[in-house]
Novice: 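Sharing a structure below in structure tokens format, with a few things to ask.
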Amino acid sequence: MKILAPSILAGNHANLSNALQVAEDDGRKWIHLDIMDGHFVPNLSFGPQTVADLRKGSELFFDVHLMLDQPDKYIDPFVEAGSDLISIHLEPEYDHQAALNRIKDAGVKTGLVINPDTPIDGLLPYLDQIDLVLFMTVFPGFGGQKFIEEVLVKSKEISKLRTEGKGNYLIEVDGGVGPEHVQPCLNAGVDIFVAGTAYYQRNDIGRKEFAESIELV
Ligand code: DX5
Ligand code: ZN
């Protein structure tokens with residue numbers, strides 16, 4: 001399964017439902033929602049009420065990325081808001097296992113995220129239980145940054161572990177992803193391509209071409 005997941009961080013924050021509509025009209029199945037607290041990352045985005053309101057009008061798969069210092073304190077509100085998958089970062093200090101259990105016990109898919117400079121070691125104990133590994137290909141906080149190609153070395157390693165039966169997770173990349181990165185990412189075992197700027201800045205034809213270069217492989 002190869003998927004382009006538009007990141008609505010790149011949308012108009014006064015009308016985020018429009019960003020979802022664009023994705024739906026384009027035939028996308030996933031949408032990526034970036035939640036930022038201004039502590040773990042140097043930016044603020046939106047919270048559970050926004051997600052809950054967007055949920056009311058959309059059947060898309062809500063891929064919710066918590067860029068929070070204390071994600072464990074916000075699992076319940078984002079579950080109740082209608083998340084289909086919740087990804088949490090390894091870098092902050094909290095009980096990762098308890099947070100993953102809480103997401104899973106609520107019937108929501110689980111994801112673990114690491115930043116470009118975080119090694120994969122911390123992921124290894126969880127590979128047999130998570131649904132998704134998310135590799136940040138920028139230092140998180142803002143859209144429109146430059147894709148860090150070196151991250152794909154880590155994706156290749158995690159992809160190899162998957163073929164060796166260490167888990168049954170999807171691999172996702174997020175940050176600076178454009179059409180020129182599709183082939184290197186596919187070669188590194190990537191399944192889910194989060195794209196904000198490169199997706200929403202294109203017109204209908206451009207968006208469709210970008211998505212189909214991923215989803216029709
Ligand atoms: C962290 C955010 C961004 C966003 C996508 O900064 O997670 O990576 O989703 O960014 P662009 O617009 O570069 O695709
Ligand atoms: Zn994200």
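As the structure lists them, so they are numbered: ligands from 1, and atoms in each ligand from 1. Hydrogens, waters and symmetry mates are skipped; everything else that's a heavy atom, side chains included, is used. In what follows, residues are counted from 1 in the order of the sequence shown.
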Novice: In the protein, which heavy atom is nearest to atom 2 (C) of ligand 1, and how far is it?
Specialist: D34 OD2, 3.5 Å
Novice: How many protein N, O or S atoms are found at a distance of less than 2.8 Å from the Zn ion (ligand 2)?
Specialist: 4
Novice: Any idea which protein heavy atom is nearest atom 6 (O) of ligand 1, and the distance to it?
Specialist: G141 N, 2.8 Å
Novice: Would you mind running through ligand 1 and noting each atom that sits below 4.0 Å from a heavy atom of P140?
Specialist: 1 (C), 6 (O)
Novice: Between D34 and H32, is any side-chain donor less than 3.5 angstrom from a side-chain acceptor?
Specialist: yes
Novice: Would you say T137 and K146 make side-chain contact, with heavy atoms under 4.5 Å?
Specialist: no
Novice: Give the atoms of ligand 1, by number and element, whose distance to some non-hydrogen atom of G144 is under 4.0 Å.
Specialist: 11 (P), 12 (O), 13 (O)
Novice: Please identify which atoms of ligand 1 are closer than 4.0 Å to at least one heavy atom of G143.
Specialist: 10 (O), 11 (P), 12 (O), 13 (O)
Novice: If you measure from atom 8 (O) of ligand 1 to every heavy atom of I35, N115, D174, which option wins on shortest distance?
Specialist: D174
Novice: G176 heavy atoms, cut-off 4.0 Å: which ligand 1 atoms fall inside?
Specialist: 11 (P), 13 (O), 14 (O)
Novice: Taking both backbone and side-chain atoms of G196, is any N or O found less than 3.5 Å from an N or O belonging to ligand 1?
Specialist: yes
Novice: H96 vs Y126 aromatic rings, parallel, tilted or perpendicular, using cut-offs 30° and 60°?
Specialist: perpendicular
Novice: Is the closest heavy atom of A10 to ligand 1 under 4.0 Å?
Specialist: no
Novice: Does one side chain, of T110 or D131, offer a donor that lies under 3.5 Å from an acceptor on the other?
Specialist: yes
Novice: Does ligand 1 have an atom under 4.0 Å from some heavy atom of A198?
Specialist: no
